[in-house]
Amino acid sequence: MKNENLQKNFIEEFVEEDLQKGRYTHVHTRFPPEPNGYLHIGHAKSICLNFGLALKYNGKTNLRFDDTNPVTEDTEYVDSIREDVRWLGFNWDNEYYASDYFGQLYEWAEVLIQKGKAYVCELSSEEISTMRGTPQIPATPSPFRERSPEESLDLFRRMKNGEFPDGSKTLRAKIDLASPNMHMRDPILYRIIHVKHHRTGDQWCIYPMYDYAHGESDYIEKITHSICTLEFEVHRPLYEWFLASIELPLPRPRQIEFARLNLSYTVMSKRKLLQLVKENRVNGWDDPRMPTVCGLRRRGFTPESIRMFADRIGVAKRENVIDVGLLEFCIREDLNKKANRVLGVINPLKVVITNYPENQVDELDAINNPEDPEAGSRKLSFGRELYIEREDFMEVPPKGYFRLSPGTEVRLRYAYFVTCTNVVKDAQGEIVEVHCTYDPASKGGNSPDGRKVKGTIHWVSAKHAIEAEIRLYDRLFMSETPEDVEEGQDWKDNINPDSLKVVKGFVEPYLANAKSGDKFQFERLGYFCVDADSTDKKLVFNRTVTLKDSWAKMVTKG
RNA sequence: UGUCUGAUGGUGUAAUGGUAGCACUUGUGAUUUUGGUUCAUACAGUCCAGGUUCGAAUCCUGGUCGGACAACCA
């Protein structure tokens with residue numbers, strides 16, 4: 001941890017240099033989501049970066065909603081974004097909306113027109129597009145390009161006043177039609193959209209484009225470092241052109257780009273995530289298989305684990321694909337220290353302890369968390385009839401199998417040594433019950449004669465256990481790179497049909513009062529959390545992640 | 001076949017002209033009342049070719065390969 005903090009990423013180096021050279025006297029960042037979708041783990045990287053920078057350099061961070069397109073945006077998203085950022089553990093210094101600046105942005109647009117740096121264009125979007133040229137061939141000038149500032153100003157004011165229909169006119173910057181950077185070929189600043197805005201209502205019918213609005217919003221908020229993803233690198237000259245052309249006094253914000261997060265076995269684009277939701281491939285944005293912040297939260301991830309993840313993946317400019325295993329590592333790492341251990345059986349097999357008295361019940365001590373002495377201990381009830389994991393019994397065990405099989409002795413965790421004496425099968429030959437004898441002297445899990453057993457397995461008392469629904473989640477995609485597909489194939493062909501299995505299991509009574517969001521380690525199985533669907537009558541658990549399983553690995557390797 | 005940008009173990013990320021390090025993954029071993037945790041240990045890397053230099057991952061030249069960009073989206 002100490003080393004990681006000493007190690008500076010390239011953005012921190014820029015920041016320190018800027019501070020040292022006196023370009024800025026402080027650090028002020030912003031996280032600028034568009035309220036048209038839910039935040040995902042990629043946004044979380046950006047959030048940790050922006051807020052982390054402010055934390056590290058004693059600066060500030062704004063939450064700014066980039067709401068310049070009323071067609072796709074909604075307050076529903078504003079609320080979820082706020083909740084997610086807060087949940088991740090960050091508090092913004094100011095909450096702003098690009099729409100707060102529509103007045104100022106409009107005034108500056110007039111300034112640009114007056115300076116002869118912008119004009120009202122009456123070309124349709126198709127015409128603009130075909131006249132834009134290609135990277136090698138320059139654009140052909142709009143016939144309206146040389147129109148006088150006075151005429152443009154008049155038209156622009158009338159655009160604002162709602163005199164023209166959608167799409168009939170735009171305000172364009174007058175830059176460089178031959179620029180190899182397509183963004184400099186007279187980009188659009190304003191378009192006409194007669195749509196109610198989620199905050200400004202019907203006050204405006206012209207809306208600024210991202211390139212124009214973003215940098216000026218940064219300037220208004222006195223942002224020093226405007227951090228964004230790599231695809232905006234090409235936009236930087238434009239970002240700077242606007243600031244310079246309006247002749248805004250220094251200091252101006254500095255845009256710095258970093259490589260967005262890609263995760264193996266995951267799709268991250270908003271469009272694709274929306275499609276998964278719309279087509280019911282998942283159960284909503286907060287489906288525990290989704291890489292959304294709300295999905296991860298429901299899956300049982302902690303804010304700490306996500307911050308740790310953001311910390312470990314680092315920040316750089318090169319394209320990257322992070323192994324989703326790292327995210328799994330982070331949640332295990334965090335939950336290993338925090339989650340209380342419990343016994344739960346998700347694929348039950350009945351066990352009868354034949355030499356255990358019919359109505360006897362033992363109360364046994366169980367440690368809540370060996371990693372945390374403060375967590376204390378609890379009592380476990382033991383009875384004649386139990387459930388164990390079906391995988392923990394094999395009639396014909398392979399070499400190296402430490403668990404229960406005919407004639408072998410294992411430890412029931414915190415309880416007794418038991419030896420399998422008999423197997424009961426149904427007509428189909430399926431094992432329905434296993435009979436064991438127990439050694440009363442081994443109470444608690446140790447034999448006074450010092451004899452050892454290789455295996456320790458978990459169990460629940462049939463009489464005391466609570467039934468629960470267990471949702472076993474696996475990766476949503478079978479392919480490491482779901483978007484890479486053969487001709488004629490679709491990324492959705494890579495969806496894992498077994499990404500969710502719902503089973504009926506049994507858990508110890510200790511969990512009767514568990515609340516939505518509570519997290520536990522089911523010993524030897526994994527980390528589980530109580531799902532929001534859980535009720536007093538019916539417990540529902542989500543499997544967040546399995547434990548590392550070196551036996552399973554050995555088996556698959558053969 | 002334009003512009004911008006990048007290239008370090010399997011995956012990420014450091015080293016800013018001076019011993020290529022860290023994490024995850026993987027292998028092996030120890031400990032263990034979770035085949036978990038923890039601990040130890042091992043494998044494995046500078047895209048290529050030239051040049052500058054006592055010395056190059058780092059600087060220069062030329063290649064190669066990857067990514068982004070031609071929405072009235074952000």
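It should be emphasised that the depicted structure is a prediction, and the values quoted were computed from it without experimental measurement. By convention in this document, chain letters (A, B, ...) are assigned in the order of the sequence lines, proteins followed by strands, and residues within each chain are numbered from 1.
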- Under 4.0 Å between any heavy atoms, over every strand shown, what does A/I313 touch: base, sugar-phosphate, or nothing? Just pick one. sugar-phosphate
- Task: Using ring-ring contact (aromatic ring centres under 6.0 Å, His included) as the criterion, list what pairs up with A/Y387, not counting sequence neighbours.
- Result: A/F506
- Task: Taking ring-ring contact (aromatic ring centres under 6.0 Å, His included) as the test, write out the residues that go with A/F309, two or more places apart.
- Result: none
- Task: Could you give the distance separating B/rA71 and B/rC47 at their C1' atoms, to the nearest angstrom?
- Result: 36 Å
- Tell me: CD1 of A/I457 to P of B/rU34, nearest whole Å? 13 Å
- Task: Using a 4.0 Å heavy-atom cut-off across all strands, classify A/G167 as base, sugar-phosphate, or nothing.
- Result: base
- Message: Just the rounded figure in Å: distance from P of B/rC22 to CG of A/N9.
- Response: 20 Å
- Task: May I have the distance from A/N369 (atom CG) to B/rU32 (atom C1'), rounded to whole angstrom?
- Result: 15 Å
Could I get a table of every N or O pair under 3.5 Å where one atom is in the protein and the other is in nucleotides 37-40 of chain B?
{"unit_1": "B/rU37", "atom_1": "O2'", "unit_2": "A/N336", "atom_2": "ND2", "d": "3.2"}
{"unit_1": "B/rU37", "atom_1": "O2'", "unit_2": "A/E371", "atom_2": "OE1", "d": "3.1"}
{"unit_1": "B/rU37", "atom_1": "O2'", "unit_2": "A/E371", "atom_2": "OE2", "d": "3.2"}

- Pick the P atom in B/rA56 and in B/rG51, then give their distance to the nearest Å. 12 Å
- Taking a pair to mean Watson-Crick or G-U wobble geometry with both distances below 3.5 Å, B/rU64 pairs with B/rA7
- Item | Geometric cation-pi criterion, A/R254 with A/F14: 6.0 Å, 45° | yes
- Selection residues 367-379 of chain A - residue pairs positive for salt bridge (Lys or Arg N to Asp or Glu O under 4.0 Å), sequence neighbours left out: A/D365-A/K379, A/R378-A/E508
- Item | Length of the line joining A/D67:CG and B/rC73:C1', which is rounded to integer Å | 14 Å
- Message: Classify A/D211 by what it touches in the nucleic acid, base, sugar-phosphate, or nothing, heavy-atom distance under 4.0 Å.
- Response: nothing
- Query: With a 4.0 Å cut-off on heavy atoms, is A/H235 in touch with a base, just the backbone sugar-phosphate, or nothing at all?
  - Reply: base
- Go ahead and name the base partner of B/rG21; Watson-Crick or wobble counts if both distances stay under 3.5 Å, otherwise write none. B/rU13
- Task: Pick base, sugar-phosphate or nothing for A/R403, based on heavy-atom distances below 4.0 Å to the nucleic acid.
- Result: base
- Message: Applying the Watson-Crick and G-U wobble criteria at under 3.5 Å, what pairs with B/rC39? Answer none if nothing qualifies.
- Response: B/rG29
- Message: Taking any heavy-atom pair under 4.0 Å as a contact, classify A/K454: base, sugar-phosphate, or nothing.
- Response: nothing
- Query: Rounded to the Å, how far apart are A/R524 CZ and B/rU32 P?
  - Reply: 18 Å
Could you go through nucleotides 1-5 of chain B and list every protein N or O atom that sits under 3.5 Å from one of its N or O atoms, giving the distance for each pair?
none

- Message: Regarding A/I322, tell me which of base, sugar-phosphate or nothing describes its non-hydrogen contacts under 4.0 Å with the strands shown.
- Response: sugar-phosphate
- With a 4.0 Å cut-off on heavy atoms, is A/Q521 in touch with a base, just the backbone sugar-phosphate, or nothing at all? base
- Query: Atom CD of A/E231 and atom C1' of B/rC69: how far apart are they, to the nearest Å?
  - Reply: 10 Å
- Query: Base, sugar-phosphate, or nothing: which does A/F329 touch, judged by heavy atoms less than 4.0 Å apart?
  - Reply: sugar-phosphate
Output a table of nitrogen or oxygen pairs between the protein and nucleotides 43-48 of chain B separated by less than 3.5 Å.
none

- A/E480 CD - B/rG10 C1' separation (whole Å): 10 Å
- Query: Do the non-hydrogen side-chain atoms of A/S99 and A/Y207 ever get within less than 4.5 Å of each other?
  - Reply: no
- Message: How many whole angstroms separate atom CZ of A/F156 from atom P of B/rC72?
- Response: 17 Å
